[in-house]
Amino acid sequence: MTRYTVEDGAIREDELSRGDLMAWVDGRDPVTGERRGRELLSPQADLILDGTINAPKSFSIVALVHPDLAREFEALQDRLRSRIITTWQQELNARRGAGGRIRQAIRRLEVVELQHRRSRALDPHIHRHLWLSVKVQGIDGQWSNVDSRFAMRLHTLINAEGDLAARTDPDWIAALARHGYTLNADGEIAQVAHAVRPLSRRSNQIEAHRAVALAEWRGRHPGQEPDRDVLQQIDRLAWATGRPGKPTNLTEDTWERLVREELAAIDPALLGDGNASATVSVVPELDFEMLGTIALVDADQRSAANGGRFSAVDIRAGATRALAASGVVAPRDDLQPVIDAAVAHALDNVVDLLDGEADRPMYVKGYMAPSTAALKVELAALFDQLNEPGVNISRPTIATVANASIGDLPLDEGQANAAAAIAGTHRLVTITGPAGTGKTTMLRVAKRALDVQRRRLVVVAPTKKAASVAAREIGTAGSSLHALLSDHGWRWNHDSTGSEHWTRVEPGDTDTAGHIYLGPRRYPLSPGDRIVVDEAGMVDLHTARALAILAAETGAGIAMVGDHLQALPVGHSGAMACMARRSGSVVELTAVHRFRDPEYAALTLRLREPASQSDAVSIATALDRGGHLHAVADLQQARDVMIEGYFRATAVRRRIALVTGANDEADAINTAIQQRRVEKRQLSVHRIAVGMDGQRILEGDVVQTRRNDHVAGVENRALWVVRRIHNAAIDLVSTTDSGDVRTIGTDYAADHLHLAYASTVHGIQGETTDLAIVGPDVDAAGLYVGMTRGRIHNEAIAIPRPGQTAVDVVAATMMRGLPEVTIADARRGARTELGRAARSEAPTAVPESRPGKPPGADGGHSATTPAIGVGSGLDR
């Protein structure tokens with residue numbers, strides 16, 4: 001392995017043997033064996049941070065076809081590697097002192113590089129791994145740990161550097177031009193991009209062949225796992241299967257020849273040059289202000305999970321991405337003044353939530369886009385104007401209607417009050433319904449009460465899946481909220497800066513899609529009608545603004561029903577909480593009907609919104625006493641608990657929800673459960689399909705569709721069991737209705753079908769199961785949603801650090817990621833984040849608008865594996 005040592009901006013390299021590498025990963029000098037700083041003994045401790053330099057697949061294709069482009073591509077990656085590791089040395093910091101409260105600039109850090117030419121499916125895929133050792137040397141000469149949280153947050157900038165290199169590097173662009181190649185708007189090589197999809201389909205076939213071969217090997221060797229040589233043989237067999245005259249010994253030359261033959265079968269022109277007239281296009285002038293505006297929009301769009309807050313790192317990354325997409329071609333050093341100017345312009349136009357705080361780590365999210373701040377203020381004003389007081393219908397009337405609608409099933413006081421409010425005349429009604437409080441039953445009664453008054457109930461939801469479920473259970477027409485708004489003329493797209501842009505067309509106008517708008521046809525509204533927004537906590541600010549305007553124009557009333565403390569929207573959150581503060585009637589459902597244990601039901605109401613940190617500790621203590629907490633030593637043990645829980649539940653025919661905080665963790669659990677089911681002969685590998693990210697899909701697997709498809713009749717986030725895999729199609733059956741069968745194509749599956757034994761909070765919200773286990777990597781919303789899925793039992797897994805208990809960990813989780821509704825909330829959030837950050841020993845002003853040695857962040861957190869994207873393939 002090659003080790004790169006960066007010291008004061010200078011890079012030197014040497015080679016490490018296997019033994020050297022093991023010592024280096026363990027935090028020791030590979031030559032002397034000397035321990036660098038304190039030994040890391042915790043199972044959760046980071047040893048290395050792994051970043052991947054990826055590129056668009058078209059780059060690897062032309063590198064295979066043209067040896068000179070292969071050399072140029074390697075040189076491009078060399079330059080990018082140097083840029084990345086020197087950026088790490090200049091930008092990151094070490095942490096010192098009790099609790100790592102003091103940050104220190106880094107004098108020296110070390111990185112090991114691994115190079116690969118192929119994917120696991122043996123397709124052309126040139127990429128590199130950069131292993132950053134967590135052991136770094138400070139400017140005082142002492143070794144300590146890198147600030148790993150800051151390192152992870154800096155990857156948005158590192159990813160942007162990869163995009164910039166792939167699109168603007170003069171040597172690389174010129175080399176492509178010599179062969180007639182140009183880059184398209186997505187960063188792919190335009191003349192080769194059409195081959196990527198066919199190669200991906202072939203890659204999916206190879207993954208299926210590999211899965212069969214691996215299962216057969218395990219069947220012949222029970223209890224064993226294949227070693228590296230066996231896996232290599234399986235990979236090559238899978239790659240060759242189905243090819244005429246498949247080779248028995250796949251040498252490097254044979255592999256290259258066969259890939260070229262495959263490219264020729266896709267398009268013979270791929271083996272030649274592109275457009276011979278291609279030239280290097282250099283943009284002579286750049287609009288710094290426009291780049292700064294785009295950077296601000298980019299940072300804002302990525303800030304939804306933080307209440308609209310972003311950092312200086314986010315702005316720099318946005319400026320770098322904006323420059324990459326501009327079409328400019330120039331040496332990297334020449335572009336830095338442009339980035340600096342764009343960042344300066346962006347910072348001149350932000351809302352500073354920390355009021356000019358001098359000693360501010362550049363990763364702290366202390367800025368907000370003026371447009372988002374204005375949107376929060378405007379939405380509040382719209383709701384204030386709309387909030388005309390009215391009256392609830394009488395309780396005796398509700399009781400009569402309930403008896404006719406739901407028979408002997410009684411409504412509790414909260415349900416009756418909520419139904420009376422929705423069927424009443426307040427223009428704004430907010431029903432806060434914690435999980436399991438019977439919102440659906442209440443809405444059926446409210447609909448009947450409105451029918452009696454000859455008023456219409458229109459049920460909508462942020463997603464098509466949620467709208468369909470609500471409409472079916474309530475017995476009325478339903479749609480997505482966006483479909484309702486579209487029917488009334490609203491259109492949304494993105495402007496030239498990438499900002500979300502909402503417009504309105506009038507009857508007779510032609511919209512941007514070329515359709516003549518004829519006015520509302522599917523969902524006409526009249527004064528007195530009630531728009532019920534189910535799962536309203538997932539409504540974003542832009543959509544809520546359009547809904548408020550629509551209600552004002554039509555005379556309809558709005559009832560938001562949901563929980564703003566569950567999963568947040570993809571866009572900026574806070575709409576439901578904002579309306580709750582301005583509604584003529586606000587009802588909180590508190591009688592929880594879902595759970596068999598009434599004491600646990602009461603506890604979930606406290607879990608939903610702890611009053612303070614001490615209250616959170618009290619709640620976690622009660623959960624622990626009730627057998628709802630499970631402490632483990634590390635992430636692998638946490639996975640094992642969730643996997644074993646799945647098999648215990650399914651053995652007695654119980655449905656179980658496994659909830660994680662990240663897709664990567666869900667993927668690991670999904671793969672492990674599927675493999676265990678194969679070993680138990682619950683699943684067969686005789687027929688295999690390929691899902692998203694190359695996942696193996698088998699008959700009997702639990703899966704989730706991840707995109708609406710009206711032709712197939714499937715919805716985003718819907719859960720299914722794979723009934724049958726055909727050559728070009730897959731039959732699915734609903735997990736809750738054996739009569740609900742759908743058929744999707746294999747191309748849809750490869751792009752939008754995902755294993756779903758485990759899921760993130762967005763994938764599981766709205767589901768009710770018998771049992772639930774919540775992983776250790778969730779936030780407050782994930783903990784609450786996960787711990788309220790199971791009717792019979794719910795359990796949270798905690799990984800305590802030395803000196804902690806499971807109660808401490810879960811209590812801290814309850815307070816993490818709470819929604820920030822107002823600007824004042826955002827200011828408090830920024831101050832809290834600043835208070836957790838490592839600070840300089842002698843506070844000094846740190847310029848945010850140009851690169852430098854920034855302050856650190858809170859470290860000591862287990863790292864995921866980020867990807868440093870080159871070109872358009874930016875993945876985290």
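Salt-bridge check for D740 with R742: passed, with a basic side-chain N closer than 4.0 Å to an acidic carboxylate O. Ion pair R639/E665 flagged as a salt bridge, since at least one NZ, NE, NH1 or NH2 atom sits closer than 4.0 Å to an Asp/Glu carboxylate oxygen. Ion pairing of R321 with D298 is present here, as a side-chain N (NZ or NE/NH1/NH2) and a carboxylate O approach within less than 4.0 Å.
Judged as a side-chain hydrogen bond (donor to acceptor under 3.5 Å, both in side chains), and not counting sequence neighbours, H494 has no contacts. Among residues two or more places apart in sequence or in another chain, the side-chain hydrogen bond (donor to acceptor under 3.5 Å, both in side chains) test is passed with H710 by none. Scored by the salt bridge (charged side-chain N to carboxylate O under 4.0 Å, His left out) test, R677 finds no partners at all (sequence neighbours excluded). Evaluation of the side-chain hydrogen bond (donor to acceptor under 3.5 Å, both in side chains) rule for T768 yields R594 as partners, not counting sequence neighbours. Remark: D731 pairs with no residue by the salt bridge (charged side-chain N to carboxylate O under 4.0 Å, His left out) rule, at least two apart or across chains. By the salt bridge (charged side-chain N to carboxylate O under 4.0 Å, His left out) test, D511 pairs with R491, sequence neighbours left out. Every residue two or more places apart in sequence or in another chain that forms a salt bridge (charged side-chain N to carboxylate O under 4.0 Å, His left out) with R687 is listed here: E699. Listed by chain and residue number, H686 satisfy the side-chain hydrogen bond (donor to acceptor under 3.5 Å, both in side chains) test with S684 (two or more places apart in sequence, or in another chain).
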- Message: Could you walk me through whether I656 and D770 satisfy the side-chain contact (heavy atoms from CB on, under 4.5 Å) test, starting with their C-alpha distance in whole Å, then the side-chain angles of each, then the deciding distance to 0.1 Å, before giving a yes or no?
- Response: CA-CA 6 Å; I656 186 169; D770 300 306; over 6 Å; no
- Could you check N54 against T52 for side chain to side chain donor-acceptor pair (under 3.5 Å), going step by step and ending with a plain yes or no? CA-CA 6 Å; N54 266 317; T52 307; 5.2 Å; no
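Side-chain contact between I744 and L732 is present, with at least one heavy-atom pair separated by less than 4.5 Å. Two residues are said to be in side-chain contact when any heavy atoms from C-beta on lie closer than 4.5 Å; L270 and I266 meet this criterion. You'll find the side chain of T554 stays beyond 4.5 Å of the side chain of D529, heavy atoms only. Taking the side chain as every heavy atom from C-beta outward, V460 and L547 never approach each other to under 4.5 Å. In this structure, T660 and V778 have side chains that are not in contact, with every pair of non-hydrogen atoms separated by 4.5 Å or more. Counting heavy atoms from C-beta outward, L753 and T705 have side chains that approach closer than 4.5 Å. Side-chain contact between E644 and R676 is present, with at least one heavy-atom pair separated by less than 4.5 Å. By the 4.5 Å heavy-atom criterion applied to side chains, R696 and V685 are counted as neighbours.
Atom-to-atom distance recorded for I558:CD1 and I422:CD1 is 12.5 Å, nearest 0.5 angstrom. Once rounded to the nearest 0.5 Å, the distance linking CG of L550 with OH of Y523 reads 13.0 Å.
Residue-environment remark: CZ (R504) exceeds the threshold of 12 foreign heavy atoms within 6.0 Å.
Of all the heavy atoms in L443 and L457, the pair that sits closest is O-CD2, 4.4 Å. Nearest heavy atoms, L683 versus D701: CD1-OD1, 3.3 Å.
Within the structure, the salt bridge (charged side-chain N to carboxylate O under 4.0 Å, His left out) test picks out the following pairs touching residues 753-768 (sequence neighbours left out): K465-E767, R655-E767. Annotation: ring pair (Phe, Tyr, Trp, His ring centres under 6.0 Å) contacts involving residues 644-680, sequence neighbours excluded, comprise Y646-Y757. Sorted by first and then second residue, the salt bridge (charged side-chain N to carboxylate O under 4.0 Å, His left out) pairs involving residues 534-546 (not counting sequence neighbours) are E378-R545. Here ring pair (Phe, Tyr, Trp, His ring centres under 6.0 Å) pairs that include residues 716-754, with residues two or more places apart or in two chains, are Y748-H752.
The main-chain N or O of G489 is found under 3.5 Å from a side-chain atom of Y517 such that the two form a donor-acceptor pair. The main-chain N or O of E188 is never found under 3.5 Å from a side-chain atom of D186 such that the two would form a donor-acceptor pair.
Taking the six-membered ring for Trp and thresholds of 30 and 60 degrees, H482 and W502 have ring planes inclined between 30 and 60 degrees apart.
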